There are 2 protein chains.
Amino acid sequence: MSTQCNCKMISAKEIDEIKQGLPAAATIEDMANFFKVFGDFSRLKLLYYLSKAELCVADLASLAGMQASAVSHQLKTLRLNRIVKYRKEGTVVYYSLDDQHIEGLFELALTHLQENR
Amino acid sequence: MSTQCNCKMISAKEIDEIKQGLPAAATIEDMANFFKVFGDFSRLKLLYYLSKAELCVADLASLAGMQASAVSHQLKTLRLNRIVKYRKEGTVVYYSLDDQHIEGLFELALTHLQENR
DNA sequence: TTAGTATATGAACAGATATTCATATAAGGG
DNA sequence: CCCTTATATGAATATCTGTTCATATACTAA
């Protein structure tokens, strides 16, 4: 065994061990896309409001200080990722959370931020 | 009370109730930035490898199929967000996770993805 | 010192993305 | 019917972001 750096010299066995139990690349990509949804200030704000109450688009826009159009675009993203669900009542569409794990995600993030202050 | 849509007509009291317990805008922004770090395929891949072993830049590049430079750039992002830590040994820099909650984050994401298949 | 290796960094480019604006759809009231 | 309101959608734009390439730094060995 030389004193040389063992970088780029991981054995096939070690590579196998490291890759053992890792999700498939497609799964990791799905996960990245899932986290990406939460990685935006506007969307996260909307989700926080929805964690408190079922709200229509106009109310969300008013609370978040956004245009209804921008809210609608973001809600579409949240819908496509099955993070919110909606209910129509006349011309009004009420949105609410469609995921039980969101509060858990928020808490994990807050814990991380507090520990690193 | 009219039959009119109550959008944009939330009372000050309701607004207060909804905003009650919400983190400050700056905190929500911090959270969004935290999630953003996980919202990228390359970074998530690197974090998965690091969850299995302490690894140097070259090994990470080899495992992830990325250039060392790209890995280094991403590791900087992870360092700045205090998600990984490093240890120097000669010219080699070994990286490892610096957050106990990452596995929890991964599990939450996986759970969400599995429930919506 | 000189050469070689591991990592980091800055600039530049390409691709992604959030917002805005204009417009479309859809439902209700008059 | 027409008019208004609530929401959705498409295109355009400006900003952000990840990678690459070239180069710099830092450490080791000879």
Side-chain angles (χ1 to χ4, degrees), chain A residues 1-10 28-29 32-47 50 54-81 84-96, chain B residues 1-10 28-29 32-47 50 54-81 84-96:
Chain A
M1 191 73 69
S2 69
T3 57
Q4 184 184 1
C5 156
N6 64 354
C7 298
K8 296 175 182 165
M9 294 183 67
I10 293 186
I28 296 182
E29 183 142 35
N33 286 329
F34 176 70
F35 286 124
K36 198 177 293 182
V37 175
F38 296 90
D40 176 79
F41 179 57
S42 299
R43 278 193 297 268
L44 207 53
K45 221 175 6 172
L46 295 176
L47 288 175
L50 292 175
E54 182 190 56
L55 293 162
C56 71
V57 177
D59 285 341
L60 282 169
S62 170
L63 280 164
M66 298 169 64
Q67 290 188 199
S69 173
V71 172
S72 188
H73 277 294
Q74 298 296 18
L75 287 171
K76 183 176 188 176
T77 299
L78 295 170
R79 255 189 290 124
L80 291 176
N81 284 278
V84 302
K85 58 178 189 271
Y86 63 94
R87 173 177 71 83
K88 293 192 180 184
E89 199 168 293
T91 58
V92 183
V93 182
Y94 291 97
Y95 281 85
S96 56
Chain B
M1 193 73 70
S2 69
T3 58
Q4 184 184 1
C5 157
N6 65 353
C7 296
K8 298 175 183 166
M9 293 183 67
I10 292 185
I28 296 182
E29 185 142 34
N33 285 329
F34 175 71
F35 286 124
K36 197 176 294 181
V37 174
F38 296 90
D40 176 78
F41 178 58
S42 298
R43 278 193 297 268
L44 208 52
K45 223 180 355 175
L46 295 177
L47 288 175
L50 292 175
E54 182 190 55
L55 293 162
C56 71
V57 177
D59 284 342
L60 281 168
S62 171
L63 280 164
M66 298 170 65
Q67 291 189 196
S69 173
V71 172
S72 187
H73 276 296
Q74 298 296 18
L75 287 171
K76 182 176 188 176
T77 299
L78 295 171
R79 255 189 290 124
L80 291 176
N81 284 278
V84 301
K85 59 176 187 274
Y86 64 94
R87 173 177 71 83
K88 294 191 179 182
E89 198 169 294
T91 59
V92 183
V93 182
Y94 291 97
Y95 281 84
S96 57

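Chain letters run A, B, ... following the sequence lines, proteins first, then strands; residues in each count from 1. Since the model is a prediction, treat every value here as computed from it, not as a measurement.
OP1 and OP2 of dT17(D) both lie 4.0 Å or more from every side-chain N or O belonging to Gln74(B). In this model, the phosphate group of dC21(C) is approached by a side-chain N or O of Gln67(A) to a distance below 4.0 Å at OP1 or OP2.
The shortest distance between side-chain heavy atoms of Phe41(A) and Ile28(B) falls below 4.5 Å.
For Tyr95(A), taking side-chain heavy atoms from C-beta onward, the closest of the listed nucleotides dG18(D), dT20(C), dA8(D) is dA8(D). With distances taken from any side-chain atom of Thr91(B) to the nucleotides dT7(C), dT7(D), dA26(D), the minimum falls on dA26(D). Nearest nucleotide to the side chain of Val57(A), out of dC21(C), dT7(D), dA26(D): dT7(D).
Applying a 4.0 Å cut-off to non-hydrogen atoms, none of the residues of residues 33-43 of chain B approaches DNA chain C.
For the helix from dT1(C)-dA30(D) to dG30(C)-dC1(D), the rotation axes defined at the first and last 5 base pairs enclose an angle of 10°, given to the nearest 10°.
What separates CG of Leu46(A) from P of dA18(C) is a distance of 12 Å, to the nearest Å. For the pair Tyr94(B) OH and dA26(D) P, the computed distance is 20 Å after rounding to whole Å. Look at CE on Met66(A): it is 8 Å from P on dT20(C), rounded to the nearest Å. We find that NZ of Lys88(A) is positioned 11 Å from P of dT7(D), with the value rounded to whole Å. Atom-to-atom, CD of Glu29(A) to C1' of dG18(D) comes out at 14 Å; the value is rounded to the nearest Å.
In this structure, the side-chain contact (heavy atoms from CB on, under 4.5 Å) partners of Ala64(B), at least two apart in sequence or on a different chain, are Lys45(B), Leu46(B), Tyr49(B), Met66(B). Remark: Arg87(B) engages Glu54(B), Glu89(B), Tyr94(B) in a side-chain contact (heavy atoms from CB on, under 4.5 Å) (not counting sequence neighbours). By the ring-ring contact (aromatic ring centres under 6.0 Å, His included) test, Phe35(B) pairs with Phe38(A), sequence neighbours left out.
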Show me the donor-acceptor pairs within less than 3.5 Å that the side chains of residues 67-79 of chain B make with the rest of the protein, sequence neighbours left out.
| unit_1 | atom_1 | unit_2 | atom_2 | d |
| --- | --- | --- | --- | --- |
| Gln74(B) | OE1 | Arg43(B) | NH1 | 3.0 |
| Arg79(B) | NE | Tyr95(B) | OH | 3.3 |

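Each of Glu89(A) and Leu75(B) has a nearest nucleotide on DNA chain C; the 5'-most of these lies closest to Leu75(B).
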Distances under 3.5 Å between nitrogen or oxygen atoms of protein and nucleotides 9-12 of chain D:
| unit_1 | atom_1 | unit_2 | atom_2 | d |
| --- | --- | --- | --- | --- |
| dT9(D) | O4 | Ser69(A) | OG | 2.7 |
| dG10(D) | O6 | His73(A) | NE2 | 2.8 |

